[in-house]
Trainee: 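Encoded as structure tokens, here's the structure I'll be asking about.
For ligands, and for the atoms within them, numbers begin at 1 and follow the listed sequence.
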Amino acid sequence: MTIAEVALKMIRDGMVIGLGTGRAAVAFIEALGPRVQAGLKIRGVPTSQSSADLARRLNIPLTTLEDVDSLDIDFDGSDEVDPQLQLIKGLGGALVREKIVAAASKRFVVLVGSEKLVPKLGANPHKQSVLPVEVVPYGLPLVRRKLTALGYPPSPREKDGKLFVSDNGNYILDCRLQPIADPLALEQQIKSIPGVVDTGLFLNMADVVLVQDGDKVDVRERTK
Ligand code: A5P
């Protein structure tokens, strides 16, 4: 069993579905395509240009937040998941649209491998933890200085030797993290810096996390 297969079982005819970004989301969208071709009636709301392009190639009908009041369910990956199902996302650069689509969804389902589980956000045992922060280009110098002063020295994300530009036309600062004592306080601190659009902290948002552990899938639900 795979996390994409378990995710597909949560879908019913008529649903509006959030299509996440990144490898786990791509695997899910690729599994969804044949089901739509076989007659499943859903509409997708993509969280990035790349997920929209993939969905279009697979003939998955798309809609927008202007045309629907809410989504039934959203499927997306994550970079870190703590025991309370708090998340860090955004290494794929789509964090702002991902957070908007997740917030518009009645159920947010996260698809990860077991290597994404961390004892605490910012305490990744496998690699340096990073918190992506999306920033309006004009504000980049200020936000960079403020994040450094807060103790989170950031590096502007680059792609092909140039600053990475998000689908929203913004830059991303990747902050080196230590284990985060109070994620909600950190989120508020960073979001109060003028020029910050959003952070990769997805707090109290995940309803279910599907964890791929070898050929098994572990289902974790948030207790509210
Ligand atoms: C995209 O911006 C991210 O939030 C991804 O959802 C996250 O980085 C997980 O991606 P992978 O499934 O590729 O690891």
Trainee: Report yes if the side chains of Ile60 and Leu54 come closer than 4.5 Å at any heavy-atom pair, otherwise no.
Mentor: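 Not in contact.
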Trainee: Would you check the N or O atoms of Ala25, main chain and side chain alike, for any that come under 3.5 Å of an N or O of ligand 1?
Mentor: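 Ala25 vs ligand 1: no N/O contact under 3.5 Å.
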Trainee: Give the residue, atom name and distance (to 0.1 Å) of the protein heavy atom nearest atom 11 (P) of ligand 1.
Mentor: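 So the nearest neighbour among protein heavy atoms is Arg23 N, 3.5 Å.
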Trainee: Between Leu40 and Leu32, is any pair of side-chain heavy atoms under 4.5 Å apart?
Mentor: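 When only atoms from C-beta onward are counted, Leu32 and Leu40 do touch, with a gap below 4.5 Å.
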Trainee: Which atoms from ligand 1 have a heavy atom of Asp76 less than 4.0 Å away?
Mentor: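 Ligand 1 atoms under the 4.0 Å threshold to Asp76: 6 (O).
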Trainee: Show me which atoms of ligand 1 lie under 4.0 Å from any heavy atom of Ala24.
Mentor: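 Heavy-atom distances to Ala24 below 4.0 Å select 12 (O).
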Trainee: May I ask you to list the atoms of ligand 1 that are less than 4.0 angstrom from any heavy atom of Glu98?
Mentor: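 Within the 4.0 Å cut-off of Glu98, ligand 1 contributes 1 (C), 2 (O), 3 (C), 4 (O), 5 (C), 6 (O).
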Trainee: Would you say that Asp72 contacts Arg12 through its side chain, given a criterion of any heavy-atom pair below 4.5 Å between the two side chains?
Mentor: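 The answer is no, as the side chains (C-beta and beyond) never meet within the 4.5 Å cut-off.
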Trainee: Taking CZ in Arg222 as the centre, count heavy atoms belonging to other residues, nucleotides or ligands within less than 6.0 Å. Is the count above 12?
Mentor: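 Yes - once you tally the heavy atoms of other residues, nucleotides and ligands closer than 6.0 Å, there are more than 12.
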Trainee: Atoms of ligand 1 less than 4.0 Å from Lys116 heavy atoms?
Mentor: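 Numbered from 1, ligand 1 contributes 11 (P), 14 (O).
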Trainee: We want to know whether Gln49 and Asp167 form a side-chain donor-acceptor pair, criterion being a heavy-atom distance below 3.5 angstrom.
Mentor: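 Gln49 vs Asp167: no donor-acceptor pair found between side chains.
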Trainee: Please list, in number order, the atoms of ligand 1 under 4.0 Å from a heavy atom of Gly93.
Mentor: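 Within the 4.0 Å cut-off of Gly93, ligand 1 contributes 2 (O).
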Trainee: Could you identify the single nearest non-hydrogen protein atom to atom 8 (O) of ligand 1 and state the distance to 0.1 Å?
Mentor: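 The closest heavy atom on the protein side is Asp79 OD1, 2.6 Å.
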Trainee: Starting from atom 5 (C) of ligand 1, locate the nearest protein heavy atom and write down its residue, its atom name and how far away it is, to 0.1 Å.
Mentor: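 I find the closest protein heavy atom is Thr21 O, 3.2 Å.
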Trainee: Mind checking whether Asp182 and Leu186 have side chains closer than 4.5 Å, heavy atoms only?
Mentor: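 They are not in contact (no side-chain heavy atoms under 4.5 Å apart), so the answer is no.
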Trainee: For atom 2 (O) of ligand 1, grab the closest protein heavy atom and report residue, atom and distance to one decimal in Å.
Mentor: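 Of every protein heavy atom, Ala94 N, 2.9 Å lies nearest to atom 2 (O) of ligand 1.
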Trainee: Considering both backbone and side-chain atoms of Gly22, is one of its nitrogen or oxygen atoms within less than 3.5 Å of a nitrogen or oxygen in ligand 1?
Mentor: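 N/O-N/O distance below 3.5 Å does not exist for this pair.
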Trainee: According to ring-ring contact (aromatic ring centres under 6.0 Å, His included), does anything in residues 54-86 pair up with another residue at least two apart or in another chain? List the pairs.
Mentor: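 Found Phe28-Phe75.
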Trainee: Show which side-chain atoms of residues 103-120 pair as donor or acceptor with protein atoms under 3.5 Å away, not counting sequence neighbours.
Mentor:
unit_1	atom_1	unit_2	atom_2	d
Ser105	OG	Val101	O	2.7
Lys116	NZ	Ser78	O	2.7

Trainee: Can Ser78 be said to touch ligand 1, with heavy atoms closer than 4.0 Å?
Mentor: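 Yes, Ser78 has a heavy atom closer than 4.0 Å to ligand 1.
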